[in-house]
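Before any comments, here is the structure.
Only a predicted model underlies this, so the values are computations on that prediction, with no experimental measurement involved.
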Amino acid sequence: MAGVWVKDGYIVSKEVDYSIMTTTEYSQFLYFMFDRRAGAGVQGYEVKRFQVDEHNVPHVLEVTLGPDAPAAVRSRAYALDLSCLSRFYGCNDGLSIFPSGL
């Protein structure tokens, strides 16, 4: 899912949400990325990891980019790896899709 918020004719926030259902012990992996402009509370960036399993892999990853987020972090936040979709058994954990380095 993707969303765009507009105020007074200007884009003030973008959102990308991605989830996968699996057949493993944990049934879902979620990725939320919010790209916000001035006045959104976060100036640089913030990464939150939820439902971290015994292998230190989060099942929910939430990334919030503010107006001062470094270009490298912004680029990584948008870099979902969806190549696992082309493999028969590829998207069965968060590491298959989550951007690396966040």
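Looking at Phe34 and Glu62, their side chains come closer than 4.5 Å, going by heavy atoms from C-beta outward. In this structure the side chain of Gln51 never reaches within 4.5 angstrom of the side chain of Leu30, judged on heavy atoms. A heavy-atom distance below 4.5 Å is found between the side chains of Glu15 and Trp5.
Nearest heavy-atom pair across Arg49 and Asn56 is NH2-O, 2.8 Å. Scanning both residues, Gly44 and Ala69, for their nearest heavy atoms gives O-CB, 3.2 Å. Taking all atoms of both residues into account, the shortest heavy-atom contact from Tyr45 to Pro70 is CD2-CD, 3.7 Å.
Panel note: side chain Arg74, backbone Gly66; a donor-acceptor pair is recorded below 3.5 Å.
Distance check: Phe50 CZ to Leu61 CG gives 9.0 Å after rounding to the nearest 0.5 Å. To the nearest 0.5 Å, the span separating CZ on Arg76 from CE on Met33 amounts to 13.5 Å.
Screening Val12, Ile11, Val16 for a side-chain contact (heavy atoms from CB on, under 4.5 Å) involving Lys14 leaves a single residue, Ile11.
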